[in-house]
Amino acid sequence: MLRVKAVPAFLNNSCTDGVSAALLMSTSGALLGMGAGTGMGAGVTENVQAAITANVWDSFASMPTNYESGKKAQQGLGCLILELEETTIAIQGFGDQYIACLCSGKDVDQSFLRAKLDSLVAALSGAFERLSQ
C-alpha cells in the first residue's frame, strides 16, 4: 500500500542543489504528491501547486502519442525540458500511469536536472513496481 503522507517527504529529498520543487502526477493529470525545497518553501500555495500541475499536465498531454498502443511515447522521449522565463521544468513519464517533474531555477544545468530526474524516476519506478506485484 502506498503511504500517501510519505510521498511529499520522499519528493523533498530531490529538492536540493537548485531544484525547487518535485512533483508526482498520474498520466490523467492528478497531483499525487509535491515536494518543495527551501527556495519555494511557504511560497508554494495551493494555487501555485494547481498552476504548476496544470502547466505540466498540458505539456505532457501535448506530447506525441503512439497510436497503436494509445499511450504516450514515454520510453522513447526520456525527458522533456521546458525553459520558461524564470524556471526550467523537466518532465518524464514512467510506467504506464505516472509522471515525475522537477522544477529549478534558470542557473541549473539541464544535464544535471536530467540526471537528477532520471534517479528520481528510477527510485519511484522501483517503488511502484513493488506495489503492483
Side-chain angles (χ1 to χ4, degrees):
M1 178 183 293
L2 181 64
R3 293 185 352 216
V4 177
K5 290 186 179 188
V7 172
F10 180 78
L11 293 173
N12 280 339
N13 293 333
S14 295
C15 298
T16 59
D17 302 323
V19 175
S20 52
L23 291 85
L24 174 63
M25 299 175 58
S26 71
T27 54
S28 62
L31 180 63
L32 303 175
M34 180 173 180
T38 56
M40 290 182 87
V44 181
T45 64
E46 290 177 4
N47 289 341
V48 171
Q49 286 182 15
I52 292 171
T53 303
N55 282 300
V56 167
W57 168 245
D58 186 52
S59 297
F60 178 80
S62 64
M63 288 171 44
T65 301
N66 179 337
Y67 291 103
E68 290 179 16
S69 68
K71 297 178 183 176
K72 296 293 177 186
Q74 297 170 16
Q75 283 73 23
L77 181 69
C79 181
L80 174 66
I81 301 286
L82 304 174
E83 286 193 26
L84 307 176
E85 281 184 30
E86 297 180 18
T87 191
T88 301
I89 298 176
I91 306 167
Q92 185 170 339
F94 65 97
D96 290 336
Q97 306 175 39
Y98 304 105
I99 305 166
C101 171
L102 294 179
C103 304
S104 71
K106 296 294 279 183
D107 56 335
V108 175
D109 182 49
Q110 284 187 10
S111 60
F112 170 77
L113 193 59
R114 285 176 194 243
K116 198 160 181 99
L117 183 59
D118 282 341
S119 64
L120 174 63
V121 165
L124 288 169
S125 292
F128 280 89
E129 188 175 304
R130 285 188 299 274
L131 282 173
S132 64
Q133 295 176 354

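Note that the numbering runs from 1 along the sequence shown for the chain.
- Pairing each heavy atom of Ile99 with each of Ser26, the nearest pair is CD1-O, 3.7 Å.
- Rounded to the nearest 0.5 Å, atoms CG (Leu120) and CZ (Phe94) are 7.5 Å apart.
- Remark: Glu83 pairs with Lys106 by the salt bridge (charged side-chain N to carboxylate O under 4.0 Å, His left out) rule, at least two apart or across chains.
- Side chain of Thr87 to main chain of Ser104: a donor-acceptor pair is present (N/O by atom type, distance under 3.5 Å, no hydrogens or angles).
- Closest heavy-atom contact between Leu117 and Cys79: CD2-SG, 3.7 Å.
- With values rounded to the nearest 0.5 angstrom, Phe112 atom CZ is found 12.5 Å from Thr88 atom OG1.
- The structure places CE of Met34 at 6.5 Å from SG of Cys103, a figure rounded to the nearest 0.5 Å.
- Across every non-hydrogen atom of Asn12 and Gly35, the tightest pair is OD1-CA, 3.0 Å.
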Given Lys116 and Asp17, is the side-chain contact (heavy atoms from CB on, under 4.5 Å) satisfied, shown in steps? CA-CA 10 Å; Lys116 198 160 181 99; Asp17 302 323; 4.1 Å; yes
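- Between atom CG of residue Leu102 and atom CZ of residue Arg114 there is a gap of 12.5 Å, rounded to the nearest 0.5 Å.
- The two residues Leu11 and Ala22 have their closest heavy-atom pair at O-CB, 3.6 Å.
- Nearest heavy atom pair, residue Cys101 against residue Ile89, reads SG-CG2, 3.3 Å.
- Taking CG of Leu32 as the reference point, atom CG of Leu23 lies at 10.0 Å (rounded to 0.5 Å).
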